[in-house]
Amino acid sequence: MNILHLLRDHFRQALLALNIADPDKFLDLVKPATDPRFGDYQANLAMPLGKLLGRPPREVAADIVAKLDLDEVAEAPEVAGPGFINLRLRSDWLANQLLAILPDERLGVAKVGNPQTIVIDYSSPNVAKPMHVGHLRSTIIGDALARTLRFLGHCVITDNHLGDWGTQFGMLIYGYKHYRDDEALKRDPVREMLRLYVLVRQKIKEAGGASEDEEEEAANPIAEACRRETAKLHAGDPENLELWRRMMPWCLAELERIYRRLDIHFDYTLGESFYHPMLAEVVQDLLQRGIATYSDDAVVVFLGDQQPPAIIRKRDGAFTYMTTDLATIRYRIEKFHPQAILYVVDFRQSLHFQQLFTIARRWGYRDVRLEHISFGSVLGADRKPIKTREGGAIELEALLDEAVRRARAIVDANSPDLPEAQRAEIAEAVGIGAVKYADLAQNRTSDYVFNWDKMLAMDGNTATYMQYAYARIRSIFRKGEISPEEIQRVRESPQLPTPEERNLALWLLRLPEAVENAANEYKPNYITSYLWELANAYNAVYQNYPILRAPDETLRRSRLVLCDLTARAIGLGLSLLGIRTVEQM
RNA sequence: GCCCCCGUAGCUCAGCAGGACAGAGCGGCGGUUUCCUAAACCGCAGGUCGCAGGUUCGAAUCCUGCCGGGGGUACCA
């Protein structure tokens, strides 16, 4: 049950009773209070309505209040200042709502009334080279959105659109032909692939001098040789094709290892190579329909004077990723019939997606929502984007290892009595969680200054803080020898005698708002903000009042209800972000 | 040149379909441990919300201009 929706429904009725023509456009002005002094929720709609009706806002507010039927839910509304309507929810109502969600696995978060089929395209790394921090955002944000939308009842299809057909394969093929170590290949093909990739890059760098300038690279003999191998692959050269087929599973295994560690799974992994056979036909079709035209021997789509044209076939006959993306849209629509396709890709590609979507609509795909869920760059300490080609990019795995190592050090210090295997498991959950949370807690659209310490911090608004709060609650149940299930069967509404407990109750009931907001705007940081508020509200109770040793049995049970709900809300929130909880830390 | 994004406390960032004195984390300073995990809690210090106009009863939030930073911009993805 979403409190905000409930209140808005009541306000809609009140406005209708006052003959307001279009009440819905004012309902956004019902929102959580900006300050606890003003109650729990506030409605700011009397001011614009006053203007509309040519009446003093305070009078309008009074009229609305008179028509409001909120007696069961809230205390008497107060009109304040220029016409704010302040609402304070009744504590007994809060308590009853808590009781209602106590046995509910979803903790009151409803499924959407109109489930949609949503394809989410995220992660999409280039295979054949190690994933680095630059891949983190798309992977983690995409995964969190997929989990959240799925939880809300949508039919989510995740698709990892791998870069498995590009120049990096030319490099690998070149490396394979010139530098491979057959022994190593037999022993550990994945590692040998990595070695070859790194080696070839090294050779290119040496051949091109100190600079990695594009033009110099063009004249670089080794880079040129790699490009030739790529071209041969695309042209169907049997030897290179065979090498590609051999190497792909190795590359995929390497990726899969990291995805498993991150607990990320895709419904489909259809890379660029999958669409390669369709590209010529796509270009033909676009030409036939008059959407594309020839220009300077290339095939392009003109998009008006403000934008450069989009090239779908280069002068040399090669296709571009625009062509691939168009083929992908057509395939996804024909296969999945989605209402939306979301691309979780960094903001620098916004022009590309703008063009892509424009062409797709001209092509006839108008009934599907195409959205670029963009996010900011990962910046270095110098505030410059960490570039893929730069040697300085931090490999994802090294980041994860370091995070887990730090977590392990704390676990060892804090819980030396736990068995080794359990400590290792906790460190993994805490370390990976820290990395994910640090990214998700950030506004998606902002740039991101990469910093080891910040990313791996375990205090403040971090996954560790949430996991710790969770673990401590579970510890209370263990110590009290009470099973959560037993508490979940409680039939009486919890007591909320103190401000801290009441505040915690309110936050527990606001989970649906947080999840729905996050989904509506595709912003996981709404969930992290919520969790932070919730955990703080809980800590205020935990710090100030005994739970197992509460003054009487009723209060004890009541507090245990709050504890159980808090733990589950944290667990649920973290699970939507792809972060695990642990029973002990 | 044109287009997009950003500029909030020492640092990193929330807040931005306008709302009542601008928030957090970290860092700094000072406290809390016979008590359910101190990976915690409490307090203090710290900001002309880049600048200037405009719209509005009300602007960090919307509009315009300027300054500063980043990104993109026909054959790389």
Side-chain angles (χ1 to χ4, degrees), chain A residues 25 28-29 31 33-35 37-38 42 44-45 47-48 50-51 57 80-84 86 124 126 163 165-168 214 227 272 295-300 302 305-322 324-325 346-352 354 374 376-377 379 383-385 388 407 410-411 413-415 430 438 441-443 445-449 451 453-454 457-462 464-465 467-469 471-480 521 525-526 528-529 532-533 535-536 539-540 542-550 559 563 584-585:
Chain A
K25 69 179 176 187
D28 285 341
L29 295 169
K31 50 181 68 173
T34 53
D35 188 304
R37 286 186 306 143
F38 306 138
Q42 62 181 36
N44 305 336
L45 33 66
M47 284 78 86
K51 170 140 295 184
F84 298 105
N86 292 333
S124 308
N126 289 327
W165 198 244
T167 50
Q168 77 280 7
E214 302 250 346
R227 247 193 304 277
E272 292 170 343
S295 174
D296 290 343
D297 294 328
V299 180
V300 309
F302 286 103
D305 298 338
Q306 296 298 321
Q307 281 185 40
I311 292 170
I312 58 173
R313 194 174 74 202
K314 298 192 288 186
R315 195 163 25 198
D316 65 6
F319 304 105
T320 66
Y321 75 133
M322 182 64 79
T324 310
D325 281 354
D346 92 80
F347 80 102
R348 284 173 290 189
Q349 298 206 27
S350 52
L351 176 60
H352 168 71
Q354 200 186 320
S374 76
S377 313
L379 306 178
R383 294 200 138 267
K384 297 248 167 90
T388 318
I410 299 176
V411 175
N414 212 281
S415 307
V430 170
Q442 201 112 188
N443 183 325
T445 59
S446 305
D447 283 348
Y448 188 112
V449 174
N451 174 298
D453 291 331
K454 192 187 173 192
M458 308 259 171
D459 46 16
N461 182 11
T462 62
T464 311
Y465 181 92
Q467 288 166 324
Y468 185 55
R472 285 202 301 190
I473 293 175
R474 303 313 302 258
S475 169
I476 291 171
F477 280 82
R478 274 194 306 276
K479 188 144 280 186
E521 295 189 38
N525 69 308
Y526 288 175
T528 63
S529 298
W532 171 244
E533 298 287 353
N536 279 322
N539 273 325
Y542 176 81
Q543 197 72 21
N544 289 304
Y545 307 106
I547 292 158
L548 291 174
R549 282 176 233 170
R559 286 182 178 156
C563 285
Q584 292 180 62
M585 288 174 74

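Order of the sequence lines sets the chain letters (A, B, ...), proteins ahead of strands, with each chain counted from 1. Nothing here was measured: the structure is a model prediction, and the numbers come from that model. These numbers come from the heavy atoms of this one structure, side chains and all, not from hydrogens, waters or symmetry mates.
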TODO: Scan A:L351 against the nucleic acid and name what it touches under 4.0 Å (heavy atoms): base, sugar-phosphate only, or nothing.
DONE: sugar-phosphate

Task: All stems with RNA chain B, defined as three or more consecutive Watson-Crick or G-U pairs under 3.5 Å - done: B:1-7 with B:67-73, B:10-13 with B:23-26, B:28-32 with B:40-44, B:50-54 with B:62-66

TODO: For A:T464, report the nucleic acid contact type (base, sugar-phosphate, nothing); a contact means any heavy atom under 4.0 Å.
DONE: base

Task: Whole-Å P distance, B:A9 and B:G23 - done: 14 Å

- [ ] Just compare B:A14, B:C36, B:A74 and give me whichever is closest to any side-chain atom of A:I311.
- [x] B:A74

Task: Is_stacked (A:F347, B:C5) at 5.5 Å, 30 deg - done: no

- [ ] Determine, for nucleotides 21-33 of chain B in 5'-to-3' order, which nucleotides have protein heavy atoms under 4.0 Å from the base (write B), from only the sugar-phosphate (write S), or from neither (write -).
- [x] B--SSS-------

Open item on the list: Over all strands shown, is A:T34 touching base, sugar-phosphate only, or nothing at heavy-atom distances under 4.0 angstrom?
Closed with: base

Open item on the list: Applying a 4.0 Å non-hydrogen cut-off, can you work out what A:N443 is touching in the nucleic acid: base, sugar-phosphate, or nothing?
Closed with: sugar-phosphate

Task: Heavy-atom side-chain contact between A:Y542 and A:I476 under 4.5 Å - done: yes

Task: A:D346: salt bridge (Lys or Arg N to Asp or Glu O under 4.0 Å) partners, not counting sequence neighbours - done: A:R348

TODO: For B:C57, take OP1 and OP2 only and decide whether either is under 4.0 Å from a side-chain N or O of A:K51.
DONE: yes

Open item on the list: Once salt bridge (Lys or Arg N to Asp or Glu O under 4.0 Å) is applied, do any residues pair with A:D35, and if so which ones, sequence neighbours excluded?
Closed with: A:R37

Open item on the list: Measuring only the C1' atom in each nucleotide, how far is B:C26 from B:C3? A whole number of Å is fine.
Closed with: 37 Å

Open item on the list: So, under a plain 3.5 Å distance rule, would you say the side chain of A:T167 forms a donor-acceptor pair with the base of B:A77?
Closed with: no

Open item on the list: Nearest whole Å is fine: how far is B:A74 P from A:R315 CZ?
Closed with: 13 Å

TODO: Let me know the distance between CG of A:L45 and C1' of B:C57, rounded to the nearest Å.
DONE: 16 Å

TODO: Identify whether any heavy atom of A:Q584 sits under 4.0 Å from a base atom; if not, whether one sits that close to sugar-phosphate; answer base, sugar-phosphate or nothing.
DONE: base

Task: Backbone of A:I311 reached by a side-chain donor or acceptor of A:T320 within 3.5 Å - done: yes

Open item on the list: Below the 4.0 Å mark, does B:A39 have OP1 or OP2 next to a side-chain nitrogen or oxygen of A:N414?
Closed with: yes

- [ ] Would you check if the side chain of A:N86 reaches a backbone N or O of A:Q42 as a donor-acceptor pair within less than 3.5 Å?
- [x] no

- [ ] Would you please name every residue forming a side chain to side chain contact (heavy atoms under 4.5 Å, CB included) with A:S350, sequence neighbours left out?
- [x] A:H372

Task: Nearest to side-chain heavy atoms of A:S446, which nucleotide of B:A14, B:U37, B:C35 - done: B:A14

Open item on the list: Within the 4.0 Å heavy-atom criterion, would you say A:A469 contacts the bases, only the backbone, or no part of the nucleic acid?
Closed with: nothing

Can you name the atoms? Protein N/O to nucleotides 6-11 of chain B N/O, anything below 3.5 Å, with the distance.
none

- [ ] May I ask you to say what A:D28 touches in the nucleic acid, namely base, sugar-phosphate or nothing, with a heavy-atom cut-off under 4.0 Å?
- [x] base

- [ ] Classify the nucleic acid contact of A:D325 as base, sugar-phosphate or nothing, counting any heavy atom under 4.0 Å across all strands shown.
- [x] nothing

TODO: Test for a donor-acceptor pair under 3.5 Å between the base of B:A20 and the side chain of A:Q42, counting only N and O atoms.
DONE: yes

Task: Between B:U37 (P) and A:R478 (CZ): distance, integer Å - done: 8 Å

Open item on the list: Considering every strand and a 4.0 Å limit on heavy-atom distances, what is the contact class for A:P308: base, sugar-phosphate, or nothing?
Closed with: sugar-phosphate

- [ ] Could you tell me whether the side chain of A:F302 reaches within less than 4.5 Å of the side chain of A:Q307, counting heavy atoms only?
- [x] no

TODO: Verify side-chain contact (heavy atoms from CB on, under 4.5 Å) between A:D325 and A:H352, making sure each step is shown before the conclusion.
DONE: CA-CA 10 Å; A:D325 281 354; A:H352 168 71; 2.7 Å; yes

Task: Under 4.0 angstrom between A:K479 side-chain N/O and B:U37 OP1 or OP2 - done: yes

Open item on the list: So A:Y465, base contact, sugar-phosphate only, or nothing? Heavy-atom distance under 4.0 Å.
Closed with: sugar-phosphate

Open item on the list: With syn defined as a glycosidic angle within 90° of 0 and anti as the rest, where does B:A17 land?
Closed with: syn

Open item on the list: Under the rule for ring pair (Phe, Tyr, Trp, His ring centres under 6.0 Å), what residues qualify as partners of A:Y468, not counting sequence neighbours?
Closed with: none

- [ ] Would you kindly give the CG-to-C1' distance between A:N44 and B:A59, to the nearest whole Å?
- [x] 14 Å

Open item on the list: Does A:N544 reach a base, just sugar-phosphate, or nothing at all? Heavy atoms under 4.0 Å.
Closed with: nothing

Task: Test side chain to side chain donor-acceptor pair (under 3.5 Å) applied to A:Q349 - qualifying residues, sequence neighbours left out - done: none

- [ ] Indicate whether OP1 or OP2 belonging to B:A40 is found under 4.0 Å from a side-chain N or O atom of A:N536.
- [x] no

- [ ] Name all residues meeting the ring pair (Phe, Tyr, Trp, His ring centres under 6.0 Å) criterion together with A:F347; count only those two or more places apart in sequence or in a different chain, and write none if there are none.
- [x] none

Open item on the list: Under the rule for salt bridge (Lys or Arg N to Asp or Glu O under 4.0 Å), what residues qualify as partners of A:R313, not counting sequence neighbours?
Closed with: none

Open item on the list: Using a 4.0 Å heavy-atom cut-off, does A:D453 contact any base of the nucleic acid, only the sugar-phosphate backbone, or nothing at all?
Closed with: nothing

- [ ] Describe the nucleic acid contact of A:V300 in one word from base, sugar-phosphate, nothing, applying a heavy-atom distance below 4.0 Å.
- [x] base

- [ ] Spell out yes or no: do the side chain of A:Y321 and the base of B:A77 have one donor N/O and one acceptor N/O closer than 3.5 Å?
- [x] yes

TODO: Classify the nucleic acid contact of A:Y526 as base, sugar-phosphate or nothing, counting any heavy atom under 4.0 Å across all strands shown.
DONE: sugar-phosphate

Open item on the list: Tell me every residue that passes salt bridge (Lys or Arg N to Asp or Glu O under 4.0 Å) with A:R474, counting only those two or more places apart in sequence or in another chain.
Closed with: A:E583

TODO: Tell me which nucleotide among B:A40, B:A39, B:A74 gets nearest to the side chain of A:V430.
DONE: B:A39

Task: Pairing residues for A:N536 by the side chain to side chain donor-acceptor pair (under 3.5 Å) criterion, not counting sequence neighbours - done: A:Y465

